[in-house]
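Step one of this worksheet: look at the structure below.
Bear in mind the structure is a predicted one, so any value in this text is a computation, not a measurement.
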Amino acid sequence: MQQKVRFQIEGMTCQACASRIEKVLNKKDFVESAGVNFASEEAQVTFDDSKTSAADIAKIIEKTGYGAKEKTEDALPQPEEAAHVSWRLWLLLAINIPFLIGMAGMMIGRHDWMIPPVWQFVLASIVQLWLAIPFYKSAWASIKGGLANMDVLVTIGTVSIYLYSVYMLFFSPHAANGMAHVYFEVGVMVIGFVSLGKFLEHRTKKSSLNSLGLLLKLTPTQVNVQRDGEWRQLPIDQVQIGDLIRANHGERIAADGIIESGSGWADESHLTGESNPEEKKAGGKVLAGALMTEGSVVYRATQLGSQTLLGDMMNALSEAQGSKAPIARVADKAAAVFVPTVVGIALLTFIVTWLIKGDWTVALMHAVAVLVIACPCALGLATPAAIMVGMGKAVKHGIWFKDAAAMEEAAHVDAVVLDKTGTLTEGKPQVAAVYCVPDSGFDEDALYRIAAAVEQNAAHPLARAIVSAAQARGLDIPTAQDAQTVVGAGITAEVEGVGLVKAGKAEFAELTLPKFSDGVWDIASIVAVSVDNKPIGAFALADALKADTAEAIGRLKKHGIDVYIMSGDNQGTVEYVAKQLGITHAFGNMSPRDKAAEVQKLKAAGKTVAMVGDGINDAPALAAANVSFAMKGGADVAEHTASATLMQHSVNQLADALLVSQATLKNIKQNLFFAFFYNILGIPLAALGFLNPVIAGAAMAASSVSVLSNALRLKRVKIE
């Protein structure tokens with residue numbers, strides 16, 4: 001049986017590390033697939049659990065030189081510890097200071113600012129023989145695993161320049177007269193800049209890229225719980241299902257639950273993307289993480305931790321952020337051969353420069369510059385960094401993508417297929433028009449009162465709509481006696497003070513409707529009413545459009561996306577709705593098989609199709625589409641089939657999803673361009689001697705941070 005497990009990986013320094021773990025795992029016959037995300041530092045492995053276990057896979061990862069900790073679905077993702085500057089980095093930066101001062105002096109002709117060569121040797125030895133040990137360990141583990149990472153480049157470059165300087169200081173013919181040229185500052189400053197760059201990269205990945213930290217803050221650490229008849233302040237981990245919890249104004253809800261008493265308003269935008277607070281009162285639901293903006297409620301906990309909707313979202317986001325988008329293969333392929341290629345270029349640079357210049361010192365400096373400016377990290381971070389930020393932005397808009405591949409595919413969508421009922425419309429009938437028979441003696445209010453008196457004895461959605469409309473008008477509904485249902489026709493009852501009332505189909509109430517100019521009568525469901533077999537009026541009931549549907553369709557069209565309606569309703573009804581929304585492609589009387597077939601036709605015509613639905617009948621079309629969206633709370637099979645879930649039953653949220661995806665893909669392409677351009681430009685400049693190793697080291701350290709900074713711009717992108 002196939003099982004999927006996720007591991008938190010420790011010790012990766014660049015994309016080559018991630019590629020190495022992937023390579024090792026994918027060679028195993030019991031592993032179906034394995035992907036490692038360098039940005040999220042996570043591995044996702046699908047394997048045959050009859051042949052191995054998650055613990056065995058963790059051991060395989062550990063044998064490659066990295067730590068692996070299984071991430072379970074039952075537990076919430078844990079908050080990342082804040083990145084702190086280690087004592088090792090502080091000491092390294094302190095040792096860099098005299099070298100920085102010396103280099104600044106040399107730039108203005110003050111060579112006396114540089115500390116004496118012997119002291120340079122002492123400080124450089126502390127760095128190279130002690131503080132740089134983590135680089136050596138990582139490089140050696142990488143080489144043993146059959147792939148070379150960034151630390152291999154740094155190690156080769158800095159050790160070479162250190163050994164050269166030691167030779168020149170103590171063993172060269174010029175050493176005795178103090179004329180030896182040493183470059184201890186190069187190794188010290190490269191190690192310093194790269195270490196600082198790694199720290200900044202790590203801090204950005206842990207704190208800024210990942211939205212999980214912000215979600216974790218939504219759950220209170222202490223809550224007011226009723227125990228033994230008294231209210232006590234308890235840690236969240238001591239709360240049990242069934243406990244009564246109190247949330248006052250300004251406090252957050254700790255668990256999913258049912259309100260026992262109190263009332264107020266709660267902001268649930270962290271889950272739905274909807275900024276308007278929801279009214280809460282006894283009998284209603286509350287969701288973990290919601291903020292009580294007004295009032296106070298006491299609720300009974302029904303779900304805790306990972307079982308809450310917030311917990312489910314956090315686990316879904318964690319898994320989605322850890323997945324890999326197809327476009328990442330470009331960087332993966334480049335990273336797999338990157339380090340060996342750079343080492344080859346550095347060696348060639350050394351030989352050619354020595355032959356041309358006749359000076360092996362210059363040749364060495366050029367070669368070291370090539371080694372330290374090359375940066376596979378920027379390539380490795382280009383895609384996953386943008387995906388992590390994009391996923392977080394989508395969640396803020398109430399959109400849950402299942403994986404990175406779905407988000408990437410959504411960015412290419414140019415055709416959207418929408419179901420009508422529950423997607424474009426409210427999914428429940430409402431009174432759209434009323435007709436009173438002239439000279440019948442009954443006005444509109446009377447028609448509502450009489451119809452509601454009979455219909456309150458029926459369970460049909462049309463009957464409930466009429467009763468609700470009468471109640472909304474504040475009308476007194478009279479009592480009805482001896483209600484009887486006539487199957488397929490309507491219902492009859494004796495209404496006090498009125499007589500025998502019939503409500504149902506037009507022919508049942510003996511009503512012949514006139515020709516109306518209002519087209520709603522042609523597509524609506526009709527409920528006619530008669531008193532003592534004399535027709536007095538009728539109601540046209542239609543499924544009303546959602547308030548934001550027209551705006552959403554306009555947004556999709558504005559971005560060049562074609563919109564199609566496919567519904568099981570009759571063609572006239574579908575065309576009426578389409579006309580209201582300005583949609584030209586409208587298909588009615590469609591079975592689930594018909595919808596799926598039409599989606600396949602669109603794909604065959606070259607369209608990238610997104611399907612949106614919430615019912616069981618939508619599942620085949622959802623599966624057939626390139627990318628699919630289900631409404632939260634719809635049919636389970638629809639949610640399971642779909643590529644993403646929309647927390648609001650709103651097409652506007654679909655537009656948000658597509659636009660967030662487009663912005664994310666654009667950001668990925670920018671990152672990849674920068675990463676490739678940086679290396680394509682930087683390596684030749686270093687080989688030709690235009691960049692010394694120190695500047696090259698600083699540039700390499702800055703390149704990864706630049707890619708991460710560009711990814712973070714996604715947080716500020718406006719989705720319109």
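- The CG atom of L602 sits 9.0 Å away from the CG atom of D562 when rounded to the nearest 0.5 Å.
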**Request:** Show the numbers, then the answer: is there a side-chain contact (heavy atoms from CB on, under 4.5 Å) between E455 and V527?
**Result:** CA-CA 10 Å; E455 295 288 20; V527 175; 3.5 Å; yes

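- Judged purely by atom type and a 3.5 angstrom limit, S628 uses its side chain to pair as donor or acceptor with the backbone of L622.
- Residues A538 and L511 share a closest heavy-atom pair of CB-CD2, 3.6 Å.
- Inter-residue side-chain proximity for V298 and W231 is flagged as met; some heavy-atom pair is nearer than 4.5 Å.
- Here CG of N457 is found 10.0 Å from OG1 of T492. Values are rounded to the nearest 0.5 Å.
- Using a 4.5 Å heavy-atom cutoff, the side chains of R555 and L659 are in contact.
- G257 and T302 make their closest contact through CA-OG1, 3.5 Å (heavy atoms, listed as atom of the first residue, atom of the second, distance).
- In this structure, the separation between CZ on R300 and CD1 on I259 is 13.0 Å, given to the nearest 0.5 Å.
- Applying the salt bridge (charged side-chain N to carboxylate O under 4.0 Å, His left out) test to pairs two or more places apart or on separate chains, those with a residue in residues 221-242 are R227-D243, D228-R232.
- Using a distance-only test at 3.5 Å, with no hydrogens or angles considered, no donor-acceptor pair links the side chain of Q481 to the main chain of E496.
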**Request:** Given side-chain contact (heavy atoms from CB on, under 4.5 Å), test L541 with I466 step by step and report yes or no.
**Result:** CA-CA 9 Å; L541 293 105; I466 291 173; 4.1 Å; yes

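- A donor-acceptor pair under 3.5 Å is absent between the side-chain atoms of Q456 and the main chain of V467, judged by distance alone.
- F587 and Y564 have parallel rings, their planes meeting at less than 30° on a 0 to 90° scale where 60° marks the start of perpendicular.
- Between M631 and V612 there is a side-chain heavy-atom pair separated by less than 4.5 Å.
- Salt-bridge check for E444 with R473: passed, with a basic side-chain N closer than 4.0 Å to an acidic carboxylate O.
- Each of D543, D419, I553, V574 was compared with L424 under the side chain to side chain contact (heavy atoms under 4.5 Å, CB included) criterion, and only I553 meets it.
- Inspection of the T608 and D414 side chains reveals no N or O donor paired with an N or O acceptor under 3.5 Å.
- Here CD1 of I536 is found 5.0 Å from CZ of F442. Values are rounded to the nearest 0.5 Å.
- The backbone N or O of T293 sits less than 3.5 Å from a side-chain atom of H249, completing a donor-acceptor pair.
- The shortest side-chain heavy-atom distance between Q233 and N224 falls under the 4.5 Å cut-off.
- S591 and D594 share a side-chain donor-acceptor pair at under 3.5 Å.
- Although no hydrogens or angles enter the test, the distance criterion places no donor-acceptor pair under 3.5 Å between the side chain of Q238 and the main chain of P235.
- Note that CD of E278 and NZ of K285 are 12.5 Å apart. Values are rounded to the nearest 0.5 Å.
- Once rounded to the nearest 0.5 Å, the distance linking CG of L500 with CD of E494 reads 5.0 Å.
- Looking at heavy atoms from C-beta onward, I526 lies out of side-chain contact with Y435 at the 4.5 angstrom threshold.
- Pairing each heavy atom of A644 with each of F401, the nearest pair is CB-CD2, 3.8 Å.
- Annotation: side chain of H412 is not in contact with side chain of N626 (no heavy-atom distance under 4.5 Å).
- Side-chain contact between K402 and S643: absent, with no pair of heavy atoms (C-beta onward) separated by less than 4.5 Å.
- Within the 3.5 Å criterion, the main-chain N or O of D256 finds no donor-acceptor partner in the side chain of T308.
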**Message:** Run the side-chain contact (heavy atoms from CB on, under 4.5 Å) test on M292 and I253 for me, step by step, so that the C-alpha distance in whole Å, both residues' side-chain angles and the decisive distance to 0.1 Å come before the verdict.
**Reply:** CA-CA 7 Å; M292 291 299 300; I253 303 296; 4.1 Å; yes

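- Residues A458 and A463 share a closest heavy-atom pair of CB-CB, 3.8 Å.
- A pairwise comparison of heavy atoms in L291 and G250 identifies CD1-O, 3.5 Å as the closest pair.
- No donor-acceptor pair closer than 3.5 Å links the side chain of R246 to the backbone N or O of S296.
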**Request:** Using the side-chain contact (heavy atoms from CB on, under 4.5 Å) rule, take M611 and M566 through it: C-alpha gap first, then chi angles, then the decisive distance, then the call.
**Result:** CA-CA 10 Å; M611 170 70 192; M566 296 185 189; 5.9 Å; no

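- Across Y448 and L475, no two heavy atoms sit closer than the pair CB-CD1, 3.6 Å.
- Between K280 and V286, some side-chain heavy-atom pair lies under the 4.5 Å cut-off.
- No side-chain donor-acceptor contact under 3.5 Å links E409 to the backbone of V627.
- Around the CG atom of D476, the shell of radius 6.0 Å holds no more than 12 heavy atoms that belong to other residues, nucleotides or ligands.
- Counting only distance, with no hydrogens or angles, the side chain of Q571 and the backbone of G588 share a donor-acceptor pair below 3.5 Å.
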